[in-house]
Amino acid sequence: MTTQNVIADAEGQDLDRRQFLASSCMALSGAGVGVTAQRLLGQERPTQPDVPDIDPGYIGPQFFDEREEQALLEVLESGSPFRYWGPGRPTKVLRFEENFARYMGTRFGVGVTSGTAALDCAVAGLGVGPGDEVIVPAYTWWSDYTCVVHAGALPVFADIDRTLNIDPEDFARKMTPRTKVVIAVHLLGGPCDMDPIMETARKRGVAVLEDCAQCVGGSYRGKKLGSIGDVGIYSFQINKMITSGEGGAVVTNDPTIYERAARFHDMGTIRRVFTDRTGSSRVQTFAGENFRMSEFTGAVLGAQLSKLDSMCAQLRHNAEAIYEGIENLAGIRLRHRPDPEGDIGYGVYFEMKDKAARDRCIRELRQRKVPASTLTGSVLLPTEESVINKRTRHRDWPSFNSPQGSRIKYGPDSCRQTLEVFGRFVQVRVGAKYTRRINDHIIDAIRQVHNSLA
Ligand SMILES: *Cc1c(COP(=O)(O)O)cnc(C)c1O
């Protein structure tokens with residue numbers, strides 16, 4: 001994996017979008033548009049001017065309407081953008097936390113400034129610290145690694161499998177007596193196989209942190225993601241589902257985890273709104289951060305939450321239509337989905353026989369204006385230079401100074417299965433606003449390209 005590739009993967013959608021728009025311009029050049037893009041790219045391609053542009057776009061903003069506008073105006077007019085006090089008795093963040101926890105089916109919720117902040121709070125909530133090991137999938141976003149290192153604990157990677165999520169068997173293999181937590185990350189809109197993960201974790205007294213940043217609104221066997229393990233986190237950054245640009249949340253049923261997370265998000269102090277929910281305080285003050293959510297954020301998220309079900313329903317409808325259109329192709333290997341009903345339909349995923357076939361497949365799908373790419377939005381963490389070299393902000397940082405921390409070896413050899421899975425999979429993004437014509441075009445393109453490469 002070259003640095004270039006990793007950067008491209010980390011940039012995820014943004015890069016995809018640019019490349020995709022460029023290729024769309026090229027395809028329109030027959031109509032006199034995009035000639036410049038074609039010259040810039042130095043390529044001549046047959047054009048398909050009758051095919052519509054396919055751009056999945058950013059999901060949350062496609063649903064912005066007067067509800068967000070009204071809620072934002074209320075904050076402006078009240079003169080109270082701060083959640084705890086102000087002339088207009090602020091309630092946006094408070095109500096969002098209550099409604100969000102109710103939606104997820106948990107007792108408690110706390111709104112924070114980002115998904116990364118939510119992970120730091122969850123890890124503080126679980127009491128993770130030096131000497132502890134935390135199991136993290138080898139393919140996920142940076143924050144699942146940094147939250148462990150920030151706590152002074154040791155990240156131990158487990159491979160992903162054909163679910164594109166953590167392999168429950170490799171998780172079991174990577175456990176040691178020092179394992180305190182496993183982070184089950186529901187990547188790319190699809191739930192992890194939670195039953196075996198929960199069973200192994202419970203047997204060994206390991207806590208489960210669900211990272212639902214890429215699967216807000218998804219479920220597993222009828223339970224909303226984030227409500228199955230001990231604590232769940234979400235991101236409301238623009239690439240995710242409901243969005244306020246930036247934002248995050250932590251949910252849990254455990255009053256002690258909740259109080260610790262709420263304290264960590266507010267310098268270690270606790271406000272009445274949180275102890276009112278738990279009945280009483282159980283935890284003493286300790287040093288925390290400021291990850292408090294503003295009322296503007298709470299206002300937008302309140303409006304967005306009311307649309308989460310329809311966002312998921314539209315995405316799912318389109319994803320299922322595409323899956324149905326390709327599932328009977330000879331030799332096709334689709335993403336293994338432990339509970340397809342809980343998939344939010346962020347994309348459609350299938351596997352080619354090797355990396356070369358994958359790259360050709362992506363190229364040919366893009367020529368047909370289909371938004372195809374490698375897996376996006378995450379990083380192959382054990383192959384990153386800063387991870388391999390165990391770099392921290394201080395040389396005496398506890399994470400890698402223990403005997404097991406100095407012994408552990410990262411790098412490509414530590415995550416072969418993940419690299420193989422990553423190298424074979426094709427992603428086709430799904431949009432909430434796709435029409436039947438677009439779904440059909442994508443199905444036809446995948447059928448043609450897959451048949452020609454199989
Ligand atoms: C986006 C993301 C995060 C971090 O969320 P931010 O709001 O960007 O800080 C954490 N985990 C996963 C899996 C993500 O995709």
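Both ligands and their constituent atoms are indexed starting at 1 by order of listing. Just so we're clear, the structure is a prediction, and the values are computed from it rather than from any experiment. All heavy atoms count here, side chains included; hydrogens, waters and symmetry mates do not. Start at 1 with the first residue, then count along the sequence.
In this model, no donor atom of one side chain and acceptor atom of the other lie less than 3.5 Å apart for Gln404 and Thr176. Side chains of Thr278 and Glu259: no donor on one and acceptor on the other come within 3.5 Å.
The Ser114 neighbourhood of ligand 1 comprises atoms 7 (O), 9 (O), with distances under 4.0 Å to a heavy atom of that residue. Residue-ligand proximity, Val185 to ligand 1, at heavy-atom distances under 4.0 Å covers atoms 13 (C). Numbered from 1 in the order shown, with element, the atoms of ligand 1 that lie under 4.0 Å from a heavy atom of Thr116 read 4 (C), 5 (O), 6 (P), 9 (O).
A salt bridge does not link Glu295 with Lys92: every distance from a Lys NZ or Arg NE/NH1/NH2 to an Asp or Glu carboxylate oxygen is 4.0 Å or more. In summary, Arg292 and Asp266 engage in a salt bridge, as defined by a charged side-chain N under 4.0 Å from a carboxylate O.
Any N or O atom pair closer than 3.5 Å counts here, and Leu187 shares no such pair with ligand 1.
If you look at Ala213 next to ligand 1, the close heavy atoms, those under 4.0 Å, all belong to the side chain.
Using a 4.0 Å cutoff on heavy atoms, Lys240 counts as a contact of ligand 1. Residue contact annotation: Gly248 has no non-hydrogen atom under 4.0 Å from ligand 1.
Classified by interplanar angle (parallel below 30°, tilted 30° to 60°, perpendicular above 60°), the ring pair Phe264/Phe286 is parallel.
Taking the six-membered ring for Trp and the full ring otherwise, the centers of Phe96 and Phe236 sit less than 6.0 Å from each other.
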